Each structure stands twice: as C-alpha cells, then as structure tokens.
Amino acid sequence: MRSDDGKLSGKPRRRLRSRMKKIVKYNKGIWEWYSKSDDNNINTIINGKYLFFSEDRDLLIEFLFKIFQMFKFYKAKIPLPGKQINKNYVLC
C-alpha cells in the first residue's frame, strides 16, 4: 500500500518481513548482506548482477524481500546506512 507521497506504508512492510523467516542478514565491511538460508544453490557461481538504485534504503530492502519471494535470487547486499557513495543506495 502506498501513501500520498508514493512510499510504501509501514503495515505491509511488517507483514512481508514477518513472512520471510528464512532470510539471514549479516554485515561485512560497508555492506549489509541478505541470504536465503534454505537455498540449496548457495555455493553456485553468480553469473550476473542486477542493480537497483534509490535514495530510500528501506524501499530497496522491501523490494529485496519481494524479489526473494518471487524469484530464485538467493543473495543480495546493500550499503549500511550512511555508507553509500552518493545520495543513492544501490541494491545488488
């Protein structure tokens, strides 16, 4: 659900994150990593990357959870708060 300013409201985010209990989150360097803990393909080689940019870090994380639900992506990273190079965050 989007608010008047176009951002997702808080309620759907909480519901979505509560359904995603098999996601492992950890920090390494300037990155916050997310990984599917139940994925059997963790040791496969990553052949490509998708990059998503936004000034809204929370929106990118929300998008990440949706991607993990809908597709076979199993690993992602985003800079820690305040560690982005410019005003935008990048979700890899």
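Keep in mind that what you see is a predicted model, and the values were worked out from it rather than measured.
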Show me the side-chain donor-acceptor pairs of residues 76-86 shorter than 3.5 Å, one per line, residues at least two apart or across chains.
from, atom 1, to, atom 2, distance (Å)
Q84, OE1, G82, N, 3.4
Q84, OE1, Y89, OH, 3.2
N86, OD1, N88, N, 2.7

Side-chain donor/acceptor pairs under 3.5 Å, residues 24-32, sequence neighbours excluded:
from, atom 1, to, atom 2, distance (Å)
E32, OE1, Y34, OH, 2.6
E32, OE1, R57, NH2, 2.8

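Residues satisfying the side-chain contact (heavy atoms from CB on, under 4.5 Å) criterion with F53, sequence neighbours excluded, are L51, V90.
The distance from the CD1 atom of I67 to the CZ atom of F52 is 4.0 Å, given to the nearest 0.5 Å. Taking CG from D56 and CD1 from I61, the interatomic distance works out to 9.0 Å, rounded to the nearest 0.5 Å. Atoms SG and CG, from C92 and L64 in turn, are 11.0 Å apart once rounded to the nearest 0.5 Å. Taken from CE in M70 to CZ in F65, the straight-line distance is 15.5 Å, to the nearest 0.5 Å.
Of the possible polar contacts, one joining the K36 side chain to the F73 backbone as a donor-acceptor pair under 3.5 Å is found.
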